[in-house]
Chemist: 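Before we start, here is the structure in question, set down as structure tokens.
Sequence lines set the chain letters: A, B, ... in the order given, protein chains first and strands last, and positions in each chain run from 1.
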Amino acid sequence: MSKRVRSASQVFPAGWLWGFCLVGVLLAGCARGVGVPYNYDKIRALRPSSILIVPVVNQSVDVAAPDYFLSTASLPVAEQGYYVFPVNLVKRLLEDDGLSDAGFVHRADPVRLAGLFGADTVLYIVIERWDARYAVLATTVTVQFHYVLKSGITGEELWRTRSTMSYTPESQSSGNPWADLIAAAITAAVAKAAPNYIPLAQAANYSAVMDRYQGLPPGPHHRKYMHWLHPVK
Amino acid sequence: MNPRILVSVILLLLFVMEGCHRHQTVYHWGDYESALYQHYANPAEVEPLLKSLRAIINRGERKRNVPPGLYAEYGYLLFTMGRLKESIALFAKEKRTWPESTLLMEKLIRESEKRLELIEETPNS
């Protein structure tokens, strides 16, 4: 470790090292996203404090994806300062009312749906991708979700975003091509047996909701809510 | 120790701390996500999810950071098991803690009370 630092300082002058560190720290600070800020006028006007996350529509071939996904959906939205209706309770109540088909729930009137629960808004999530693509050398696991938030009072759309996360296990070359091929086959087999989508789903939700410019703005339970609502000019 | 190394180490630590900071949560979620995942993987098993929710509520109450929805989630599981008096108490607690849940919690409390009356009216056989 110390050897590496010293050799770096030999290659670059001391000032450069500082510069790199500074750039690193700055990058860490703004890693949440860059770009044009979303137009939050409708959210600002409605000031929603609760979000009803309804069961998700699945466009992937993995039939277990919607349930598994649901377990990762509440945390970032609640942490962003909103009251999130308990997802399992909501799912069970809808099923009891004959609304077990997520597609049907998504096509239903958001105002009526929100009215059943007393929710300010309804969050509709579609799983667009939840798959593992197998190649000889590496397997790539990908998830992609589409999020639409609608007003429970007017039914109009308030916010939408899309989030994608991929993961390819790092296969470090051993120098022996045959050993590499076998190692890759083992990695692929493990991924095929049980690709772990959950950390990817968590990361995708996190980046969709918490993105500084395109994410969900802070809700009433967030410490930055008042600052967001009345920005200092 | 070489001062340059020291500076690098300090900056590295700051960098790591900055990374960790963003993953700190306001609420105490415990293992809610993985317990719910396990429940969906094996829907017949309710006990592990019950246990997880109970632990989150117990710890969360001490620090007053029980996440929104979890009293109701726990209450609903008890409701489905017929433990109605406990579920009513939890729905009431959810309503008190999160006024946003009032309409739904009142519906659930009414439903629990209705079922409770039915049980009490039915003579023991």
Chemist: Under 4.5 Å from any heavy atom of chain B, what part of Leu116(A) do you find: side chain, backbone, both or neither?
Modeler: both
Chemist: In terms of heavy-atom pairs under 4.5 Å, which option from Ser50(A), Ser71(A), Ala73(A), Gly118(A) contacts chain B the most?
Modeler: Ser71(A)
Chemist: Give the member of Tyr32(B), Trp98(B), Tyr71(B) that has the highest number of heavy-atom pairs under 4.5 Å with chain A.
Modeler: Trp98(B)
Chemist: Non-hydrogen atoms of chain B under 4.5 Å away: do they reach the side chain of Tyr82(A), the backbone, both or neither?
Modeler: backbone
Chemist: Out of Asp120(A), Val90(A), Thr72(A), return the one with the most heavy atom pairs under 4.5 angstrom to chain B.
Modeler: Thr72(A)
Chemist: Which atoms of Leu108(B) come close to chain A, meaning under 4.5 Å heavy atom to heavy atom: side chain ones, backbone ones, both, or neither?
Modeler: side chain
Chemist: Pick whichever of Pro99(B), Ala72(B), Ser101(B) has the most heavy-atom pairs under 4.5 Å with chain A.
Modeler: Ser101(B)
Chemist: For the side chain of Glu100(B) and the backbone of Ala119(A), is there at least one donor-acceptor N/O pair under 3.5 Å apart?
Modeler: no
Chemist: Counting only non-hydrogen atoms closer than 4.5 Å, does Ala35(B) touch chain A with its backbone (N, CA, C, O), its side chain (CB onward), both, or neither?
Modeler: neither
Chemist: Is chain B contacted by the side chain of Ala78(A), its backbone, both, or neither, given a heavy-atom distance below 4.5 Å?
Modeler: both
Chemist: As an exercise: rank Thr80(B), Thr102(B), Leu103(B) by heavy-atom pairs under 4.5 Å with chain A and give me the winner.
Modeler: Leu103(B)
Chemist: Measure Glu94(B) against the heavy atoms of chain A and call it side chain, backbone, both or neither at under 4.5 Å.
Modeler: side chain
Chemist: Phe85(A) versus chain B, heavy atoms under 4.5 Å apart: side chain, backbone, both or neither?
Modeler: side chain
Chemist: For the residue pair Asn88(A) / Tyr40(B), report whether a side-chain donor-acceptor contact shorter than 3.5 Å exists.
Modeler: yes
